[in-house]
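Right, one structure below, let's go through it.
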Amino acid sequence: MDAIRVRGGRPLKGEVKISGAKNAALPILCATLLADGPTLLKNVPALRDIDTTAALLRFLGCDVVVDKERHEVRVAATRLGRVEAPYELVKQMRASVLVLGPLVARHGRAKVSLPGGCAIGARPIDQHLKGLEAMGAQIKLERGYVVAEAPTGRLKGADFVFDMPTVTGTENIMMAAALAKGRTTLWNCAREPEVEELARILNKMGARVDGAGTDVMHIDGVEQLAPFEHSIIPDRIEAGTYMCAAAAVEGSDVRLSGVILEDLEALVMKLRQAGVTVDREGEHVRVRRDGPIKPVNVTTAPHPGFPTDMQAQFLVLMTRAKGESVMTETIFENRFMHVPELTRMGAHVEIRGRSAIVQGVDRLDGASVMATDLRASASLVIAGLFAEGETEVRRVYHLDRGYEHMEDKLRAMGADCERVKGAEG
Ligand code: EPZ
């Protein structure tokens, strides 16, 4: 397993280009199952999760070509031989559940492995299943698999209220409704930018989706959807991660290209409250850290609240603050696994229920630490950027799921870091 070694203390300077959004690319790749013919996706990030999704689409019978150099993926979902997503693939990436809606909608049947729990929480998919049932699907659970069937061969439009805003739950039902017979109205939808991007794609394919980005959506099903070409929006969580990285090291001054600042307003507001300078400069966003970091309290929430995917990265920043801050995680029940690793580096963090109480310290000491999930991995690399001495972040396959060449992008901004192939796990 690879590791990333970082020697702390160098401020980040220069420019970083933000890659396409992983959490937009994944549902959009699954949406290609809704149409016949060649689809071309551009600005697709070169990530392990994209490879896993490509493998799943191939398993279903799609022709898929991933061009990492050009950041393009071509998919033709013309001859599907299977409608099953096997455990071996779903266990690698729970977002594989996003083939459920498209397969039932287009082929009347799907058999998808239940994703099981994951490091950050139970993450059930009950809302996905209840939404499909509301549209007439019959759902059975068989030996760890969900078997969903449209008894008449076609789902029908329905009214459905999500019990909570769920990103992939909203996306699954949007894709199913696009080919259903009649109108579907969804309440309490997720409002993330990636949900809006999926709606843009479905409308490009000939669907009629209205209200994406708000908590109420209307979708009028059509008979057929067409393949499409599209360039994926930039990854707001990757952008936010590099903003926190720059903020964490005194003297940093970086410019991020390919950032939609409107998608990160909650984070930007909190960074500014912490004393970080964040300015729009033409097509770029400039982030500077000149003075001390002030303590700021954060509670994660569905968009447009503070993103749970930014909690670990911001918490690391708060270990540098002059004073106490409280980070409260309301979305997932176990998303503080970066804390024990940071504590080993000298951070003072106490977990109380769903909150982490952070007492800022003057320094962290480099150490060998273990990545546990995607965003926790990123937070440990950020800690290494300012810790005294060397930090080795192990099991960075977690990082490779969602960050394209992180060590290269950091090194290009002056960080002293490199990837260590085949390091001890
Ligand atoms: C998406 O996961 C993202 N993944 C996650 O990003 C992100 O952390 C999460 O949304 C929250 O923003 C993708 O988009 C591929 P949810 P998702 O359904 O859709 C509960 C990353 O780091 N829930 O919005 O799986 C659930 O347990 C990843 O890139 C149910 O109870 O998250 C959680 O508490 C990690 N039943 C809450 O809702 C359901 O049927 C929100 O989960 C569905 C969800």
Side-chain angles (χ1 to χ4, degrees), residues 19-31 45 47-50 52-53 56 90 92-101 112 114-134 139 146 148 160-175 186 188-198 215 232-233 235-241 263-264 266-267 300-313 328-335 337-338 354 371-379 398-404:
S19 303
K22 167 179 85 80
N23 290 350
L26 298 182
I28 290 169
L29 281 167
C30 296
L47 300 171
R48 209 154 62 86
D49 276 7
I50 299 296
T52 304
T53 307
L56 175 55
V90 177
Q92 291 179 46
M93 185 191 68
R94 55 182 300 102
S96 306
V97 74
L98 284 166
V99 300
L100 187 60
V112 176
L114 279 165
C118 88
I120 63 178
R123 301 180 75 183
I125 60 166
D126 58 294
Q127 300 295 304
H128 302 235
L129 304 182
K130 285 175 184 166
L132 289 173
E133 279 177 328
I139 305 285
V146 170
F160 182 69
V161 185
F162 289 99
D163 294 342
M164 82 292 292
T166 154
V167 175
T168 50
T170 301
E171 291 165 346
N172 237 335
I173 304 307
M174 284 166 71
M175 291 189 281
L186 303 174
N188 202 18
C189 300
R191 301 164 56 183
E192 274 70 3
E194 294 76 27
V195 171
E196 288 189 88
E197 177 78 340
L198 177 62
D215 55 356
I232 305 276
I233 54 170
D235 193 314
R236 62 193 169 97
I237 304 301
E238 185 196 23
T241 301
D263 291 347
L264 277 169
L267 171 69
T300 64
H303 193 77
F306 188 96
T308 173
D309 292 349
M310 284 304 308
Q311 178 259 110
Q313 301 91 308
T328 301
E329 173 57 62
T330 69
I331 306 294
F332 293 114
E333 58 268 33
N334 185 30
R335 206 169 194 178
M337 285 167 296
H338 40 292
R354 303 201 78 158
T372 50
D373 71 86
L374 172 52
R375 308 307 175 181
S377 322
S379 73
H398 290 290
L399 200 76
D400 296 337
R401 291 191 51 189
Y403 291 95
E404 189 175 349

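Owing to the predicted nature of the structure, the values given are computational and were not obtained by experimental measurement. Numbering of ligands and ligand atoms starts at 1, following listing order.
- Considering only heavy atoms from C-beta on, His398 stays 4.5 Å or farther from Tyr403 through its side chain.
- For the atom pair Leu399 CG and Arg48 CZ, the distance stands at 10.5 Å (nearest 0.5 Å).
- Using a 4.0 Å cut-off between charged nitrogen and carboxylate oxygen, Lys22 and Glu238 do not count as a salt-bridge pair.
- Applying the side-chain contact (heavy atoms from CB on, under 4.5 Å) criterion to Pro304, with sequence neighbours excluded, gives Arg191.
- A distance of 5.5 Å separates CG of Leu98 from CD of Glu171, quoted to the nearest 0.5 Å.
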Report every pair formed by an N or O atom of ligand 1 and a protein N or O atom separated by less than 3.5 Å, giving atom names and the distance to 0.1 Å.
from: ligand 1; atom 1: 2 (O); to: Arg123; atom 2: NH2; distance (Å): 3.3
from: ligand 1; atom 1: 6 (O); to: Asn23; atom 2: ND2; distance (Å): 3.3
from: ligand 1; atom 1: 6 (O); to: Asp309; atom 2: OD2; distance (Å): 3.1
from: ligand 1; atom 1: 8 (O); to: Asp309; atom 2: OD1; distance (Å): 2.5
from: ligand 1; atom 1: 8 (O); to: Asp309; atom 2: OD2; distance (Å): 3.4
from: ligand 1; atom 1: 8 (O); to: Arg335; atom 2: NH1; distance (Å): 3.4
from: ligand 1; atom 1: 18 (O); to: Thr166; atom 2: OG1; distance (Å): 2.7
from: ligand 1; atom 1: 19 (O); to: Thr168; atom 2: N; distance (Å): 2.8
from: ligand 1; atom 1: 19 (O); to: Thr168; atom 2: OG1; distance (Å): 2.6
from: ligand 1; atom 1: 22 (O); to: Arg335; atom 2: NH2; distance (Å): 3.3
from: ligand 1; atom 1: 22 (O); to: Arg375; atom 2: NE; distance (Å): 2.9
from: ligand 1; atom 1: 24 (O); to: Val167; atom 2: N; distance (Å): 2.9
from: ligand 1; atom 1: 25 (O); to: Arg123; atom 2: NH2; distance (Å): 3.1
from: ligand 1; atom 1: 29 (O); to: Lys22; atom 2: NZ; distance (Å): 3.0
from: ligand 1; atom 1: 29 (O); to: Asn23; atom 2: ND2; distance (Å): 3.0
from: ligand 1; atom 1: 29 (O); to: Arg375; atom 2: NH2; distance (Å): 2.9
from: ligand 1; atom 1: 34 (O); to: Ile331; atom 2: O; distance (Å): 2.5
from: ligand 1; atom 1: 36 (N); to: Pro124; atom 2: O; distance (Å): 3.4
from: ligand 1; atom 1: 36 (N); to: Asp126; atom 2: OD1; distance (Å): 2.8
from: ligand 1; atom 1: 40 (O); to: Pro124; atom 2: O; distance (Å): 3.3
from: ligand 1; atom 1: 40 (O); to: Asp126; atom 2: N; distance (Å): 3.1
from: ligand 1; atom 1: 40 (O); to: Asp126; atom 2: OD1; distance (Å): 3.4
from: ligand 1; atom 1: 40 (O); to: Gln127; atom 2: N; distance (Å): 2.7

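- Checking Glu329, Gln311, Arg354, Arg335 one by one against Thr300, the side chain to side chain donor-acceptor pair (under 3.5 Å) holds for a single residue, Glu329.
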